[in-house]
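Just follow the structure's listing: the first ligand is 1, and inside any ligand the first atom is 1.
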Amino acid sequence: MDIKDINLSAELKKYFGFSKFKGQQEQIITDLLSGKDVFVLMPTGGGKSLCYQLPALISEGTAIVVSPLIALMKNQVDAVNGLSSDEGVAHVLNSSLNKSQTKQVMDDITNGKTKLLYVAPESLIKEEYLEFLRAVKISFVAIDEAHCISEWGHDFRPEYRNLKGIIDRIADVPVIALTATATPKVQDDIQKTLGMNNAVVYKESFNRANLFYEIRPKVNVDKEIVKFINQHKGKSGIVYCLSRRKVEEFAQLLQVNGINALPYHAGLDQKTRVANQDKFLMEEVDVIVATIAFGMGIDKPDVRFVIHYDIPKSLESYYQETGRAGRDGGEGYCLAFYDPKDIEKLEKFLAQKPVSEREIGLQLLNEVVGYAETSMSRRQYLLYYFGEKFDPVNGDGAKMCDNSQNPPKLVDAGDDLKKVLEM
Ligand code: ADP
Ligand code: MG
């Protein structure tokens, strides 16, 4: 297959029904199909999946898609299988399958039916799968949520560490790595670990111009949040708390105050969790009070506010969590409550961890403190953190934060900027 003979726009229309590529999708796909390794840094909602789904659908053989969560894989497989008139071009290979299902998947791959094979890294390591995949035609390997490789990311998975060796054993094919985590440290880590130093790097801006960022001191926090939510009556919002206990307590407090809220955390049984999430998606409930367990892969376009009852453990998590507001481009208010005492608690907690984890954790916390205490444009600070320059006067969304609307007086922003540049 020669890339020059393919009309990518026609294929896009045919499979996805879209008339235009989003952002740099077309260049990314062209590079991948030309045999290059590609590294894609694009914010959540940017359209990363299509960058490997479309090329997989039009390539000979099967593309291996490494993905960290069985739930995410399942969603994607259903979505892809809904696209094509040939049924079942996407399959999963993971611990959720029984013997006969696994055999069926292997047969479909051998017969060339499977265009996309979603696998968890821990399944890929299995010798029997490795042997099998070595013997079939693989078009390319996609590594989604590639930040899972890095301890500097917000979702480190040790199983991701050895991917390079495994891929090398399976086939000599192009690799596309994708992530919505763009701090220079994580980027560097991903490229080194995957041996992708010659990859073409596509990095889109992480600026979310429609989001308003505000940090408030954590005083009377319960009252403040109730008041805020009452001022946004009928709108959808998420309140993040660090502990499950807090989630339960605060959801109750909101209910007592006449706010239509439900809790979500990993300690709830599966049925309640799914039910609460669905009620939020279906707008039967306005507010979800949740731990960080809530949100991965959830695509509700009209979340109007994201409140952090507790300051998150890293700016990365803060960015991901606030990023769930205003996906549709409409209003998105991001309000976080900051108390230095919370940082001390987190530090104490880190003190019990192994040294390397502790050091990384402390550094990430320092960056959060810097952000919370800065007097400069929050957007500028966040984007510097992602290795991006931002003009706090004329940039897109420049006025959309507390500090830019009411500049704190008598503070020299120069020092803060220097600090963030040194990170
Ligand atoms: P990401 O993985 O980067 O967070 P997704 O791949 O989930 O983003 O895509 C986000 C949304 O954008 C999806 O609803 C997808 O259908 C849509 N999308 C992707 N590419 C296009 C396109 N070219 N035109 C219109 N919508 C697109
Ligand atoms: Mg994605």
Notebook entry, point to check: Quick one: nearest non-hydrogen protein atom to atom 27 (C) of ligand 1, plus distance?
Noted result: F18 CE1, 3.3 Å
Check: Under the 6.0 Å and 45° cation-pi test, does R304 pair with Y333?
Finding: no
Note to self: For a 4.5 angstrom cut-off between non-hydrogen side-chain atoms, does L33 reach D31?
What the structure shows: no
Notebook entry, point to check: Knowing that exactly one of F305, F337, Y309 qualifies, which makes a ring pair (Phe, Tyr, Trp, His ring centres under 6.0 Å) with F228?
Noted result: F305
Item checked: Taking atom 10 (C) of ligand 1 as the reference point, the nearest protein heavy atom with its distance -> G45 O, 3.6 Å
Notebook entry, point to check: With a 3.5 Å cut-off and no angle check, do the side chains of E214 and Q405 form a donor-acceptor pair?
Noted result: no
Notebook entry, point to check: Hey, looking at atom 19 (C) of ligand 1, which of R327, Q25, K20, Q76 has the closest heavy atom?
Noted result: Q25
Notebook entry, point to check: In terms of side-chain geometry, is the basic nitrogen of D391 or K389 positioned less than 4.0 Å from the acidic oxygen of its partner?
Noted result: no
Check: Going by the order shown, which atoms of ligand 1 are within less than 4.0 Å of some heavy atom of T44?
Finding: 4 (O)
Check: For atom 25 (C) of ligand 1, is some protein heavy-atom partner under 4.0 Å away?
Finding: yes
Notebook entry, point to check: Do the rings of F294 and Y264 sit parallel, tilted or perpendicular, given the 30° and 60° boundaries?
Noted result: perpendicular
Next item on the list: Around atom 9 (O) of ligand 1, find the nearest protein heavy atom and jot down its residue, atom name and distance.
Entry: G47 CA, 3.5 Å
Next item on the list: List the closest protein heavy-atom neighbour of atom 3 (O) of ligand 1: residue, atom name, distance to the nearest 0.1 Å.
Entry: K48 NZ, 2.8 Å
Margin query: Testing Y384, Y385, F386, F390 one by one against F206 for a ring pair (Phe, Tyr, Trp, His ring centres under 6.0 Å), which residue passes?
Written below: F386
Next item on the list: Using a 4.0 Å heavy-atom threshold (strictly under), name the region of P43 that reaches ligand 1: side chain, backbone, both or neither.
Entry: backbone
Note to self: Please list, in number order, the atoms of ligand 1 under 4.0 Å from a heavy atom of L50.
What the structure shows: 20 (N)
Next item on the list: State the atoms of ligand 1, each with its element, that fall below the 4.0 Å cut-off from a heavy-atom position in F21.
Entry: 23 (N)
Margin query: Looking only at protein heavy atoms, which one is nearest to atom 6 (O) of ligand 1, and what is the separation?
Written below: S49 OG, 2.4 Å
